[in-house]
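Whatever order the structure lists ligands and atoms in, that order sets their numbers, starting from 1. Below, each value reflects all heavy atoms present in this structure, side chains not excepted, and no hydrogens, waters or symmetry copies. On a predicted model such as this, the values are computed, not experimentally measured, just so you know.
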Amino acid sequence: MKAIAINGSPRKNWSTAQLLSSALEGAKAQGAQTELIHLYDLNFKGCISCFNCMKADGSGMWHCALKDDLQPVLDRIMQADALFVGSPVYCGNVTGETRCFLERLAFMNGSYDGPLGPKSGNQIAAAFFFTMNVRAEQAQSAGYPAMFQQNFGLLSSLNGPKEYYLCTNTWQFDDYSKYMNKIFNIDDKRAWRQEQFPKDLQSAYEIGLNLLKR
Ligand SMILES: Cc1cc2nc3c(=O)[nH]c(=O)nc-3n(C[C@H](O)[C@H](O)[C@H](O)COP(=O)(O)O)c2cc1C
């Protein structure tokens, strides 16, 4: 078994990456091999509309023809048993790099002839971890749930069990005093980080564990 995690944050050791590492630990506990990929290490673009994956003879299905650093990653995902995607919310959506990744993944698994799905009927389990500054109630009033659903929905072509997780009120700076911080209640954020974030990590671990249960 193999589980691959895609970190859509530019930061390699912060909340998003830590959640993904926990999910991978859960997968490892089920005997899976694991791989963590940082999207910002890769040189790649979003979909360029070449339509190779949509060719009428089906010869381009399930493979993205765009030759860049993402191409072999997408090929490995198609062979995997689970995919964990993590992204911070940036300006009300996932990061640009995450979005470019999702365009490529969703299109090569899609078809204008109707629903497709992974090659050989593979069922790739999938989880999406969203991290954000706002609290859950602020995410709700800002209309984020529709955005979560839309991005998460792009994993539906993987045909496996799926879930998404919201990690809110994240700790953003090592030292808040070094940055403009008036809109934050730092004591509240610190307490949340100490009390809630370990629970978020545990939830991510359990998601990884459960999605790899075979
Ligand atoms: C460019 C930028 C835009 C952001 N926009 C939002 C936003 O719209 N809503 C929000 O809740 N947090 C926003 N944030 C905060 C991040 O989502 C949050 O700090 C996240 O946990 C960062 O993940 P990381 O620590 O793994 O890098 C933004 C941060 C940056 C750098």
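Protein heavy atom in closest approach to atom 16 (C) of ligand 1: Val89 O, 3.6 Å. Scanning the protein for heavy atoms near atom 20 (C) of ligand 1, the closest one is Thr131 OG1, 3.4 Å. Scanning the protein heavy atoms around atom 9 (N) of ligand 1, the nearest turns out to be Tyr144 OH, 2.9 Å. The protein atom (non-hydrogen) at minimum distance from atom 22 (C) of ligand 1 is Pro88 CB, 3.6 Å. The protein heavy-atom contact nearest to atom 30 (C) of ligand 1 is Tyr90 CE1, 3.4 Å.
Using a 4.0 Å cut-off to heavy atoms of Ser9, the atoms of ligand 1 that qualify are 24 (P), 26 (O), 27 (O). Near Thr170, meaning under 4.0 Å from one of its heavy atoms, ligand 1 places the atoms 18 (C), 19 (O), 20 (C), 21 (O). Every atom of ligand 1 is numbered from 1 in the order shown, and the set under 4.0 Å from a heavy atom of Trp14 is 24 (P), 25 (O), 26 (O). Residue Gly92 has at least one heavy-atom neighbour below 4.0 Å for each of these atoms of ligand 1: 7 (C), 8 (O). Each of the atoms 23 (O), 24 (P), 26 (O) of ligand 1 lies under 4.0 Å from some heavy atom of Thr16.
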Practice prompt. Assess whether side-chain contact (heavy atoms from CB on, under 4.5 Å) is satisfied between Leu19 and Leu201, documenting all intermediate values.
Written response: CA-CA 5 Å; Leu19 288 167; Leu201 293 176; 4.0 Å; yes
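Residues Asp175 and Ser177 bring a donor and an acceptor atom of their side chains to less than 3.5 Å of each other.
Of the heavy atoms in Arg11, only side-chain atoms (C-beta onward) come closer than 4.0 Å to ligand 1. Residue contacts with ligand 1 for Phe173 are absent, since no atom lies close enough (heavy atoms, distance under 4.0 Å).
When only interatomic distances are considered, the shortest N/O to N/O separation between Asn133 and ligand 1 falls below 3.5 Å. Among the atoms of Cys91, some N or O lies under 3.5 angstrom from an N or O of ligand 1. Inclusion of Val134 in the set of residues having an N or O under 3.5 Å from an N or O of ligand 1 is warranted.
Between Phe130 and Tyr164, the angle of the ring planes goes over 60°, which puts this pair in the perpendicular group of the 30/60° scheme. The aromatic rings of Tyr179 and Phe173 lie parallel to each other, their planes meeting at an angle below 30°, with 60° marking the opposite boundary. In this pair, Tyr176 and Phe184 present their aromatic rings perpendicular. The plane angle is above 60°, beyond the 30 to 60° band.
When Asp188, Asn133, Val134, Asn185 are each tested for a side chain to side chain contact (heavy atoms under 4.5 Å, CB included) with Asn169, only one passes: Asp188.
Clustering ILVMFWY residues whenever any of their side-chain heavy atoms sit less than 4.5 angstrom apart, transitively, puts Met147 in the very cluster that holds Leu105.
Across every non-hydrogen atom of Thr34 and Lys28, the tightest pair is OG1-CE, 3.6 Å. What you find for Pro145 and Gln140 is that their closest heavy atoms are CG-OE1, 3.7 Å. Asn109 and Leu158 make their closest contact through ND2-CD2, 3.9 Å (heavy atoms, listed as atom of the first residue, atom of the second, distance).
Within the structure, ligand 1 lacks Trp171 among the residues with a heavy atom less than 4.0 angstrom away.
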